Student: 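I'd like to ask some things about the structure below.
The first residue of the sequence shown is numbered 1, and numbering continues consecutively from there. These values consider heavy atoms only, across backbone and side chains, with no hydrogens, waters or symmetry-generated copies. These numbers come from a predicted model, not from an experiment.
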Amino acid sequence: MPESLVSLRGLRKTFGEKTVLKQIDLEIAPQRGTVLVGPSSSGKSVLIKCLLGLLEPDGGDVQVEGRSLDDLSRAERERLDDRIGVVFQQNALFDSLPVWENVAFRLLNRGEVSRQEAREVAREKLGLFGLSSQVGERYPAELSGGMQKRVALARAFAMNPDILILDAPTDGLDPIMTRHTNSLIRRIVQEHQVTVFSIMTEMSSALEFYDDLAMLYDGRIIWNGSTEAARQASESHLRQLLEGRSEGPIGMAVHA
Ligand SMILES: Nc1ncnc2c1ncn2[C@@H]1O[C@H](COP(=O)(O)OP(=O)(O)OP(=O)(O)O)[C@@H](O)[C@H]1O
């Protein structure tokens, strides 16, 4: 097994005058859960979008299984996309489609299963997140924020991905659903050899449910190691974030 599934090498991303990612070097181990933490506006979502190829980095490279994303043919890229389940921070559901079609979107697009089979997959995946098949017939705009998040999670699982990329997958969920979702993700990593890379804003869940932790600060990964080591780490930025203290080296001001 390779030591890392995804490698980010010297990744840089600038918007106008603002360099959000200065130099990102990170190895994401296969079949483990890695959590990305960092203060608000530190560039976590930008990092994930660069990793997914949704934003073009200004420098550096993203490699999956030792191959640069830039070198993949269109067909290889599509095959890779089929292996990746994604939850975006804002869920990114299609308002014009009923929930079940949102969940089964990729399956339907592939055209390899009937609508009936796709509907059945959607029903099963919605069920994983406590949503009934009646919810499947409704439209995203009719659902609460927490329900929309569950739909986005169900969609991420629809293709039985072996890589899950999650941007704040439990934000907006109640504590019961948060725990259920975190446990489910954990179980899936363990039982199905899935690799998870997830942004988390809730530090106790980050430490409890993930194997490895990387902290993004000032455009760089300033700490990276096991969550077990993170609990004991003395690095001052990481300690402040984990303990949620306002005093410390991380300021609270955010500049647009
Ligand atoms: N498309 C864009 N154009 C211009 N600036 C952007 C763009 N996307 C992100 N940014 C800026 O990049 C910075 C990092 O944003 P990002 O959403 O990655 O932060 P984050 O760490 O995910 O924050 P949070 O935890 O608050 O969601 C912010 O200052 C944001 O305004």
Student: Quick one: do V196 and F209 satisfy side chain to side chain contact (heavy atoms under 4.5 Å, CB included)? Show the steps, please.
Tutor: CA-CA 11 Å; V196 179; F209 292 101; over 6 Å; no
Student: Please check if atom CD in E78 has more than 12 non-hydrogen atoms from other residues, nucleotides or ligands closer than 6.0 Å.
Tutor: yes
Student: With sequence neighbours left out, what residues match R245 under salt bridge (Lys or Arg N to Asp or Glu O under 4.0 Å)?
Tutor: E243
Student: For the hydrophobic clusters of this structure (ILVMFWY residues joined by side-chain heavy atoms under 4.5 Å, transitively), does one cluster hold both M159 and L51?
Tutor: no
Student: Does V103 sit in a hydrophobic cluster with other residues, and if so which ones, taking ILVMFWY side chains as linked at heavy-atom separations under 4.5 Å, directly or through other members?
Tutor: L93, V99, L126, L131, V135, L143, M147, V151
Student: Under the 6.0 Å and 45° cation-pi test, does K125 pair with F129?
Tutor: no
Student: Tell me whether R9 is salt-bridged to E27, with the criterion being a basic N under 4.0 Å from an acidic carboxylate O.
Tutor: yes
Student: For residues V113 and A118, report the shortest heavy-atom separation together with the two atoms involved.
Tutor: CG2-CB, 4.0 Å
Student: Under 3.5 Å, side chain of D212 to main-chain N/O of I28, donor-acceptor pair present?
Tutor: no
Student: About how many Å separate CE of M200 and CG of L166, when rounded to the nearest 0.5 Å?
Tutor: 9.0 Å
Student: Verify the cluster assignment for L107 and L80: are they in a single hydrophobic cluster under the rule of side-chain heavy atoms below 4.5 Å apart?
Tutor: no
Student: Could you check K44 against M215 for side chain to side chain contact (heavy atoms under 4.5 Å, CB included), going step by step and ending with a plain yes or no?
Tutor: CA-CA 9 Å; K44 303 180 294 298; M215 178 168 172; over 6 Å; no
Student: Look at the side chain of H237 and the backbone N and O of G38, then say whether any donor-acceptor pair between them is shorter than 3.5 Å.
Tutor: no
Student: One pair to check against side chain to side chain contact (heavy atoms under 4.5 Å, CB included): E208 and E202. What are the steps and the verdict?
Tutor: CA-CA 10 Å; E208 181 178 353; E202 213 269 295; over 6 Å; no
Student: When rounded to the nearest 0.5 angstrom, what distance separates CD1 in I222 from OG in S236?
Tutor: 7.5 Å
Student: Where does the angle between the aromatic ring planes of F94 and F105 fall among parallel (under 30°), tilted (30 to 60°) and perpendicular (over 60°)?
Tutor: tilted
Student: Sub-3.5 Å donor-acceptor pair from the side chain of Q148 to the main-chain atoms of N91, do we have one?
Tutor: no
Student: Do L97 and W100 share a hydrophobic cluster, counting only Ile, Leu, Val, Met, Phe, Trp and Tyr and linking them when any side-chain heavy atoms are less than 4.5 Å apart?
Tutor: no
Student: Go through E76 and R67 one step at a time and tell me if the side chain to side chain contact (heavy atoms under 4.5 Å, CB included) criterion holds.
Tutor: CA-CA 11 Å; E76 286 172 325; R67 292 194 61 199; 2.8 Å; yes
Student: Indicate the atoms forming the closest heavy-atom contact of V35 with A206, along with that distance.
Tutor: CG2-CB, 3.9 Å
Student: Same hydrophobic cluster for Y139 and L108, using side-chain heavy-atom links shorter than 4.5 Å among ILVMFWY?
Tutor: no
Student: If you look at every heavy atom in G43 and L216, which pair is closest and at what distance?
Tutor: C-CD2, 3.4 Å
Student: What's the spacing between R123 CZ and Q134 CD if we round to 0.5 Å?
Tutor: 11.0 Å
Student: Can you tell whether the side chains of K149 and D171 come within less than 4.0 Å, N to carboxylate O?
Tutor: no
Student: Over all heavy atoms of both residues, which pair between L11 and C50 is shortest? Give the atoms and the distance, please.
Tutor: CD2-CB, 3.9 Å
Student: Salt-bridged, R12 to D58, with N to O below 4.0 Å?
Tutor: no
Student: Looking only at non-hydrogen atoms, find the nearest pair between L242 and A230 and report the distance.
Tutor: CD1-O, 3.6 Å
Student: Taking all non-hydrogen atoms of both residues into account, name the closest pair between V87 and A156 and its distance.
Tutor: CG2-CB, 3.7 Å
